Amino acid sequence: MRVDLHTHTRASDGTQSPEELVEAAAAAGLDVLGLTDHDTADGWAEAERAADAAGIALVRGMEISTRLDGRGVHLLAYLPDPTYPPLVALLDKVLEGRNDRVPAVLERLRTVGIDLTEEDVARVSGDAAASGRPHIADALVVRGVVRDRDEAFARLLNPGMPGYVDRYAAPLRETIEVVTAAGGVTVVAHAWGRRTARIPDAAAIAELAELGLAGLEVDHQDHDERARAELRGIARDLGLVVTGSSDHHGTGKVGHDLACNTTAPEELERLLALAADARRAAGRDAPEPLGL
Ligand SMILES: [Zn+2]
Ligand SMILES: [Zn+2]
């Protein structure tokens with residue numbers, strides 16, 4: 001059984017529709033696909049229909065932008081009730097922060113002589129729940145300012161670069177609690193990426209596990225072998241689920257082909273058992289995995 005639990009569509013910053021993503025996942029030989037657009041469940045309904053038609057199992061989720069000790073942490077949330085009011089409010093605030101950032105970034109870019117308009121960004125963001133830096137990057141590619149998204153981030157959009165502007169992200173601890181109360185389970189995404197500090201560190205991960213964190217995404221392209229080995233050890237010590245995923249963005253992110261990393265079936269089983277527990281404890285009509 002091949003399982004990829006972290007992917008994006010045009011509902012956030014991927015380049016495929018949910019249907020196209022599901023079809024590509026089936027064609028790549030995956031048995032289980034996790035759909036985790038940034039801060040939104042907008043792609044779920046279309047993905048459900050497509051998964052049913054393609055005969056592939058679907059785990060609905062999202063990747064929430066959070067903050068811990070002043071640093072950004074991406075938190076994967078699987079199977080929460082997306083109508084749970086505190087979760088809706090939390091996601092609205094994150095999406096609003098993302099949208100508000102666009103004009104601020106464009107203003108900064110103007111100071112270095114790059115004249116991009118909000119219309120340029122809207123043209124490439126299409127169906128996305130919010131416009132964000134990846135869309136600004138795409139608009140810069142269209143304009144011929146940079147070659148691809150990676151160059152846009154490296155030269156202009158990352159912290160320390162002329163177009164960088166900070167934005168709201170939800171407090172990590174609170175987000176874990178809200179997702180749990182919504183009947184879902186949480187996994188820290190690419191915790192120790194190459195370009196980021198090791199936040200959360202081992203001590204912080206232990207504390208998050210106490211709060212209800214279910215797992216760590218260990219096998220991810222941003223992790224070198226050493227980071228993977230250390231994170232695997234931390235997960236084992238704390239009894240956390242270990243996941244592996246592509247973080248596929250269609251053609252929006254190079255080197256993240258579907259199934260380039262996968263999650264072991266027994267780890268998926270543990271994650272889904274925890275989700276079933278959370279669903280019961282929350283007493284909410286949280287979604288269940290489809291086709292499993
Ligand atoms: Zn991420
Ligand atoms: Zn992602």
Side-chain angles (χ1 to χ4, degrees), residues 3-16 18 21-22 24-25 30 33-44 47 58-68 71-78 80 91 94-95 97-98 101 125 128-135 137-138 149-150 152-154 157-159 166-170 172 175-176 179 184-200 205 208 213 215-223 227-228 231 243-263:
V3 183
D4 187 342
L5 286 180
H6 178 172
T7 62
H8 298 266
T9 74
R10 284 205 292 266
S12 60
D13 57 345
T15 57
Q16 293 156 305
L21 170 72
V22 167
L30 284 167
L33 173 71
L35 170 63
T36 53
D37 275 306
H38 291 286
D39 312 304
T40 182
D42 280 3
W44 286 13
L58 181 70
V59 178
R60 289 161 286 180
M62 53 185 71
E63 182 177 19
I64 306 178
S65 300
T66 77
R67 186 151 303 193
L68 179 71
R71 305 294 286 254
V73 174
H74 284 178
L75 185 71
L76 294 161
Y78 294 105
L91 295 175
V94 174
L95 291 173
R98 201 190 287 282
R101 176 154 67 169
S125 66
S131 295
R133 287 188 300 167
H135 305 113
D138 289 348
R149 268 191 198 178
D150 286 345
F153 274 90
L157 302 176
N158 276 335
D166 200 9
R167 73 172 160 96
Y168 176 79
L172 175 58
T175 308
I176 291 173
V179 171
V185 286
T186 51
V187 172
V188 174
H190 49 75
W192 292 356
R194 288 200 183 94
R195 291 174 299 273
T196 52
R198 291 190 161 192
I199 291 180
I205 292 170
L208 298 174
L213 178 73
L216 292 179
E217 185 178 62
V218 172
D219 291 305
H220 184 283
Q221 297 302 81
D222 285 358
H223 291 157
R228 292 183 192 211
L231 284 167
T243 70
S245 342
S246 63
D247 201 357
H248 183 66
H249 281 69
T251 55
K253 212 170 184 176
V254 183
H256 289 258
D257 291 340
L258 283 163
C260 64
N261 299 293
T262 54
T263 298

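Atoms within a ligand are numbered from 1 in the order they appear, just like the ligands themselves. Every heavy atom of this structure was used, including side-chain atoms; hydrogens, water molecules and symmetry mates were not. One is the number of the first residue; the rest follow in order along the sequence. This one's a predicted model, so the numbers in the text were calculated from it and none came from an experiment.
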Worksheet item: OG/S246 to CD/Q221 distance, rounded to the nearest 0.5 angstrom?
Response: 8.5 Å
Worksheet item: CG/L35 to CG/L5 distance, rounded to the nearest 0.5 angstrom?
Response: 11.0 Å
Worksheet item: For the side chain of R71 and the backbone of P200, is there at least one donor-acceptor N/O pair under 3.5 Å apart?
Response: no
Discussion item. Ring-plane angle category for H74 and H38, please: parallel below 30°, perpendicular beyond 60°, tilted otherwise.
Written reply: perpendicular
Response to the item:
Which of H6, E63, H220, E217 passes side chain to side chain donor-acceptor pair (under 3.5 Å) with H190? Answer is E63
Worksheet item: Sorted by chain and residue number, which protein N/O/S atoms are under 2.8 Å from the Zn ion (ligand 2)?
Response: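 Within the sphere that stays under 2.8 Å of the Zn ion (ligand 2), the protein atoms of type N, O or S are H6 NE2, H8 NE2, E63 OE1, D247 OD1.
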Worksheet item: In a check of ring-ring contact (aromatic ring centres under 6.0 Å, His included) between H8 and each of H249, H248, H256, which one passes?
Response: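 Option passing the ring-ring contact (aromatic ring centres under 6.0 Å, His included) with H8: H249.
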